[in-house]
Every structure is written in structure tokens, then in C-alpha cells.
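Here's the structure, in C-alpha cells; my notes come after.
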2 protein chains.
Amino acid sequence: MDDRKLKILEAIIDEYIQTGEPVGSRNISKKLDLKLSPATIRNEMADLEEMGYLEQPHTSAGRVPSDRGYRLYVDTMLSPREVDDRESLAAMTEILESRIDELSYMLQRATRLLSQITGYPIVATAQTDDDREVIKNVQLFPVEVEKVMVVVTTEAGSIHNRIILVPEDATVEEIGVIAKVLSSKLHGLEISSIDVALANTLSKHDGIRTDILLPVLQGIVESRRRNEEHRTYTDGAKNVLEYPEFSDSARAKEIIGMLEEKGFIRDVVTHMEDGEGDDLYVSIGSENRDEKMQDCSIVAGTYDVDSTHRVLIGVIGPKRMDYARVVSVLRDMKSVMNRKGLKGLNPGKQGLTEGDRE
Amino acid sequence: MDDRKLKILEAIIDEYIQTGEPVGSRNISKKLDLKLSPATIRNEMADLEEMGYLEQPHTSAGRVPSDRGYRLYVDTMLSPREVDDRESLAAMTEILESRIDELSYMLQRATRLLSQITGYPIVATAQTDDDREVIKNVQLFPVEVEKVMVVVTTEAGSIHNRIILVPEDATVEEIGVIAKVLSSKLHGLEISSIDVALANTLSKHDGIRTDILLPVLQGIVESRRRNEEHRTYTDGAKNVLEYPEFSDSARAKEIIGMLEEKGFIRDVVTHMEDGEGDDLYVSIGSENRDEKMQDCSIVAGTYDVDSTHRVLIGVIGPKRMDYARVVSVLRDMKSVMNRKGLKGLNPGKQGLTEGDRE
DNA sequence: GATTAGCACTCGACTCGATTGAGTGCTAAC
DNA sequence: GTTAGCACTCAATCGAGTCGAGTGCTAATC
């Protein structure tokens, strides 16, 4: 694999990314400054095809990069273009300053911005580190008659809250007793370990009203579930229709369906966790596990919003997506985040203990 | 406009809704049990066209309903089919039992279910009655070092909450003082009336730390804004691609873009508020204000989740959408809601006053 | 030995005319 | 008022023909 072949391959991929049409030898011969005739290029192209970096849609058409070709391109030839769009940098900065408990809001705005500047659909999700979903403390705040706000703080630093309904005659004192018991008994437990058996044990304590305890426990469990499920956002689905590779409406429908399901992001997440911790993850065509994504590529990055919150943002596009630009935008985002995002955010210190707030 | 014409018009619309192809006289002559020859039908069709209920895509094609035709159909000929799908009724029931503070979660699940059973894209939003966004009380709960949960209860009965960051050295007492002052001073004010001037006035009170007060006030304002913006959900965008009228990918892109923008739902909302309070709202083609929606119809209904929360759910489809089925599904939803939805929900009584929770 | 010019060949895309057939409107008969 | 009959319209479909971008191979050239 000599240098010239690499140059030719790169030129072909660049061209194909731009036009979406199979590229021929004449075209490359002219574009490339090596003074080579189309015939020579053809020979090289035939070699590249044999090596598996190119494919031919049909005999008399030009060449198209194979997944392997893209992979080589992404791994070795990517020189991220500078994104000099000051406006989008400013927008990014502003978004990232959205504060921590508005993580979901921040994600929503970030997906929109990214889909606008890249022209691809975006998926973003907050990564929950299940192992660390250990209860640090549980607080109950009566808000109105019948309504109590349950606030669960986890060791990982996230705060789930939910309003629950308790019997009308529940007194502030009764609720206080339950709060005390829960804070001491649930501390250190995983949320997932809350079950009927635990409820039974707890209800044996003095002065605990089961008809208040049960909705509280249910509220704790649901606060987390709700949190997880709300935390995936997509935007720019319409961009799918921009690309001729998805002009077949059945294909487009599949992709848009995937975006709406949001399930496939899990795949990416696990992939990334397995990965070598590189800053960006790229999955090309057949590298995607999901069969429906065989014609797509995903470029994803993780972002540490603060020491306990990590966000994953993925760009979905056709295999011939503009990797250079996408990678550069995602990197920019990261750099903005490092300069700005951490400012003023809580680095996750130990909080008050149960008694402190009285 | 005699009875026979109506029968013929109905048959034509039914047929067109089913097939999406212009319908001819022969077809109707056979389908209709009136013993009429195609020629007679043709005469009637010509009349109906003259009256504006039908259109002809081109001279030698069959007839297609005009917007006016659909309107007549919807207003006078709709006999909602029974939806005998027990499973979806059960699913609806379960969804509607999602409790009140999970309104957004409930909406999300409802949109998904509806898009699945109707096969159309769905938009759902919670209607905020801006005039009633009057503060009933404000509560502050210290959750951790630097983090305080602000809970705003409005006269309308909704509860907004948000976590804010305060200076590290803020004490529970200092926060308590601010809570007391805010509760008495903000009571009865609209959230939108909070501004710099008000902040200045408030900060003159004894013992108020401005560096705590400001983030709290900002939190109150933002808690509401965030609430509003989060409260529109869409699902089933992929269904747009199901219908040949949107096979032109530019059209499809516009519609999907509209769904993602979510802005247009406001139009529907205002329309519905102007309306005669009928239970369902139908807007057909050119009746839609938005130019991009000229090829669509919207069927929407409002649902009172409880005495203070109203939800709007809209079905977007091509003009030849299956009105009978959609109307019937939305009505079913309403009836499920009346039987089940209100069970156990708080009818919005007066809550505790500020002092009660200490 | 690498490069290139030349040439025959391939095959999708496009054009264009002919054909088809569903459907109409009109007229005259029932 | 209804219907049979007929001429007419026009989108859709089909197939033959053409075009042209692009290839692979061979032989000549550097």
C-alpha cells in the first residue's frame, strides 16, 4: 500500500462525500496534482478495489468507497476542518452554560443546535451510571395537602425528584418520621433494591403509616425510571430526507423510526464504554450492530458536564457523511465545554447529612 | 342538494380515503346499492363538482374530494366506527392512570400509543393557562451544599420545581428568611412580573442576602419557562412517509420539520380556544393557517386531566385521513379518561399556607 | 517496469413514440 | 329523469433506441 494509492483513495472519498455519485478515473486524474493519466488511476483503482477499499456499484460505473475504505479514511486521513463559525461557537457556549439541573433542557438545545449546524439528525442522551445509582439520602417536603415532593440524592450526585400523593390526613409530623427512617435505612442501598419485602420491613418501625410509606417508596423508584426515560433527545430527523441514499421512503422510514425509538443509542453507549476511551467514536455502516443502520454512520462523543454528569451526543448520517466537519464540530463542542461548561458547576462535594436541614 | 347527492358524495369520499386514487363513476355505481348507471352518477358528480365538493385532478381522471367536500363529510356524515381493540383501550387506561406530576410522562406515552393505533403522527401538549400562572406560594428546600430546590405552586394548581445553585456559605437560616419573605411578597403575583426592580425592592428587607436571592428569583422564572417548553411531545413522525401524498420528499421534509418545531401546535390551541367548545376540532387542508400544512388535516381534542390540567392531543394526517377512525379513537380516549383518569387525582383544593410546613 | 494512448465493451439513464385503459362529457334514445 | 353509446382526453406504462460515463485490456511509449 504505497503513498500514491492513499492519495488516490483519499481523493476518491473526498469527492464521493461531496457529490454522492460514483467517481471515475478521469475525474480523479484531473483533480489530483500528481500528473497521472486516467489509465494509471484506473489501474490503481482496480488494486484498491481488490484490497477492499473500493466498490463498484456495477461494471460500467465509477468507484464508491467501501466501509473498509471509510474506516481507513477516518482513522488515518482525517484533517478536521476548522469550524470558523463564530455564531455557532457562541450559541454552543450559551447552551453549555445552562445549569446542571437543566441537563435535559441543555441537551434539548444542544441537539437542535448541532442538527442545524451539521445538517444531520442528532441523538443525545445522559449516561446514567447504573452501578452508582446508590441512594445517598431521601428527603420529603410537603408541598400542599396530599402532595409531597420526594427528593432522592444519589452517590453519583444526581438529584431525582417527584411529587407523590399521600392520604389527605397525613400530618407533617408523620411525614417527618418517614423521612427520618428512610434516610437512615435507605442510605447506601441501590434504588433497584427497593421492593415489597423492603417495604414490609420498613413498615414495622414505630409510627410509620403504611399508606404514606408505600407511595413514597413508589415515588423513589419512579423518580429514577422517569429520569432515565426522559433523557434521550433527538432532533433534525427531517435531515434524513436530505440525502439521496435515503430517498427510498422505506429506508428513510426505518431510520426515522430508529430515531424515535431511541433504543439504538444504548448500543452506542455500550460500544463506547468498551472502547479505548478515545474521545470520539465512529461507527461506519456494517460496523453498526443494528441491521437497520447498515447504511448509516454514527459519530459520537462523550462530554463530562461536571464530575458526575456525562452526556453522549451522536450524529447520524449516511456513510458518506462529512466526517471531517462533524468531527471538527464535536471537538469544538468539547473545547467550548472545557473552557466554559465547568464554570460555576458543583464539582460534587459531600452534601449535608440527614439532620442538617432541620 | 338532495339526499342522493349526499349518498354519492359520501361513497366517493369513503372510497378515496381508502384507496387514495381518484374515484370514477363506474366504481361508485357498483358500490352504491341505489340502482344507478355510471352515466347518472357522472351527472351527479358534475353537479357536485360545480357545487365545490369535488375536484378533478385532470379531465380524464376520476373525482377527488375538495376541502369543502371533506368539511361537509366531517360535519354531517361521520359515523365513528367502534374501536373494538380491547388492547389499546387497556393501554390507554393504564397510561391515563399515570399520576398528575407525571403529566409529561403521561403525554409521552399517550402520543406513542396513539401514533401506533392510528398510524399517524401525533402532537400533544399541556395547555398552560397563562392568566392563571399566579404564584400561590414559594418554598425553598436545601438539598445539598450549594443546592436548593425551589418549588413554586401556582393558583392554577401546577407545581414547578427547579434546583438552583447558591453560594457555598449560605446557611439554612438565611435561606429560610428568604423563603419567608418571598412567600409573603410574591403571593398573588404573576410569575412574569418578577424582574430586576422587584429584586431590588426585595433585597432591601432585613437579613436578605442578595447573592442568594437572585438565583432563587431566577430559578422561579426559569422553572416556569422550562416547564412550558418541555411540554410538547410528538411521536410517529415516520408515519408521514406512509402516505403517497407525501412521497415527494420535500413535502415530507416540511411536515416532519413542522412536527419537530412544534410551534404550529400553538395555532391549533388558539383556534380551539376561540371555538365553540366542541369536543373535537378538525382542520382540513386550506383551513390550516400554516402554509406548509395545506395538504394536511388535523384532528385534535382537549382532555381535562383534572380540574386544573388540560391536555391537547392532535393527530396529523393527509387530508384523506381516516376521520371516522381517528375521531372514534380520540373519543374513546376521552371516555376512558372520564371513567378512569380522574380517579385518585387531586381536585385542586387549597393547600397549606406558608407557615404550616415548619 | 511503470505509464499511457487507444479501443471495444458495458450498462444505467434518458428520450421518445406508441399503446393502454380508466374515466369523462355529450347526445340521443328510452 | 335515466341510460346506452361513443368519441375524446390524458396520465401511466412499455420498449426500442440512443447516449455517455466509465471500465478493462492490449500494445506502444518513456
Side-chain angles (χ1 to χ4, degrees), chain A residues 1-9 11-16 18-66 69 244-245 247-248 320, chain B residues 1-9 11-16 18-66 69 244-245 247-248 320:
Chain A
M1 182 65 153
D2 62 26
D3 194 56
R4 197 174 69 179
K5 279 195 175 51
L6 285 176
K7 275 226 173 65
I8 292 174
L9 180 60
I12 292 172
I13 298 185
D14 278 336
E15 181 69 13
Y16 185 67
Q18 246 193 314
T19 65
E21 309 264 289
V23 351
S25 54
R26 218 176 111 77
N27 191 332
I28 294 301
S29 160
K30 273 193 285 188
K31 204 136 292 183
L32 220 53
D33 44 357
L34 315 169
K35 284 284 173 201
L36 293 174
S37 76
T40 314
I41 304 284
R42 276 205 290 284
N43 289 330
E44 296 288 43
M45 280 164 106
D47 289 352
L48 284 167
E49 181 169 357
E50 212 174 329
M51 290 188 247
Y53 295 114
L54 292 178
E55 281 166 2
Q56 223 172 351
H58 51 265
T59 338
S60 71
R63 300 302 208 292
V64 158
S66 69
E245 29 272 274
S247 65
D248 170 22
R320 63 173 188 96
Chain B
M1 184 64 156
D2 62 26
D3 193 59
R4 198 174 70 180
K5 278 195 176 55
L6 285 177
K7 275 226 172 68
I8 291 172
L9 179 59
I12 292 172
I13 297 185
D14 278 337
E15 182 68 13
Y16 185 68
Q18 244 193 316
T19 66
E21 309 264 289
V23 351
S25 53
R26 220 177 109 77
N27 191 331
I28 294 302
S29 160
K30 271 193 284 188
K31 205 139 290 182
L32 220 53
D33 42 1
L34 315 168
K35 284 285 171 201
L36 294 174
S37 77
T40 313
I41 304 285
R42 276 204 290 284
N43 289 331
E44 296 287 44
M45 280 164 108
D47 290 350
L48 285 167
E49 183 170 357
E50 213 173 328
M51 289 188 251
Y53 296 114
L54 292 179
E55 279 167 2
Q56 224 171 350
H58 50 264
T59 339
S60 71
R63 299 306 205 292
V64 159
S66 69
E245 28 273 273
S247 64
D248 171 21
R320 63 172 187 95

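All chains are named by letter (A, B, ...) in the order of the sequence lines, taking the proteins before the strands, and each is independently numbered beginning at 1. Quick caveat: nothing in here was measured; it's all calculated off a predicted structure.
Atom CE of A:Met45 is separated from atom C1' of D:dG22 by 9 Å (rounded to the nearest Å). Atom CD1 of A:Ile41 and atom P of C:dT3 are 10 Å apart (whole Å). Atom CG in B:Asp47 sits about 14 Å away from atom P in C:dT24, given to the nearest Å. Distance CZ (B:Arg63) to P (D:dA11): 15 Å, rounded to an integer number of Å. Computed from coordinates, the A:Ile12 CD1 to D:dT23 P distance equals 9 Å when rounded to whole Å. In this structure, A:Asn43 places its CG atom 9 Å from P of D:dC25, rounding to the nearest Å. Remark: C1' of C:dT4 and CD of A:Glu44 are 13 Å apart, rounded to the nearest angstrom. In this structure, the NZ atom of B:Lys30 is 10 Å from the P atom of C:dA22, given to the nearest Å.
A 4.5 Å side-chain heavy-atom check between A:Ile12 and A:Met45 finds at least one atom pair inside the cut-off.
A:Glu55 and A:Ser66 get closest at one heavy-atom pair: OE2-CB, 3.5 Å. Taking both residues in full, the closest heavy atoms of B:Pro57 and B:Val64 are given as CG-CG2, 3.9 Å, listed atom of the first, atom of the second, then distance. Considering every non-hydrogen atom in both A:Tyr16 and A:Arg320, the closest pair reads O-CD, 3.6 Å.
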Inset, instruction - Could you please spell out the steps behind the side-chain contact (heavy atoms from CB on, under 4.5 Å) verdict for A:Glu44 and A:Asp47? - result: CA-CA 5 Å; A:Glu44 296 288 43; A:Asp47 289 352; 3.6 Å; yes

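Heavy atoms of A:Thr40 sit under 4.0 angstrom from at least one base atom.
Closest-nucleotide positions on DNA chain D for A:Asn27 and B:Ala61 were compared, and the one nearer the 5' end corresponds to B:Ala61. Comparing A:Pro22 and B:His58 against DNA chain D, the residue whose closest nucleotide sits nearer the 5' end is B:His58.
Residue B:Arg4 places no side-chain N or O under 4.0 Å from the OP1 or OP2 atom of D:dG1. One finds no side-chain N or O of B:Thr59 lying less than 4.0 angstrom from the OP1 or OP2 phosphate oxygen of D:dT9. The shortest distance between the side-chain N/O atoms of A:Arg42 and the OP1/OP2 oxygens of C:dT3 is not below 4.0 Å.
Looking at A:Ser60, its side chain comes within 3.5 Å of the base of C:dT10 through a donor and an acceptor atom.
For B:Ala39, the listed nucleotide lying nearest its side chain is D:dT3; candidates were D:dT3, D:dG24, C:dT10.
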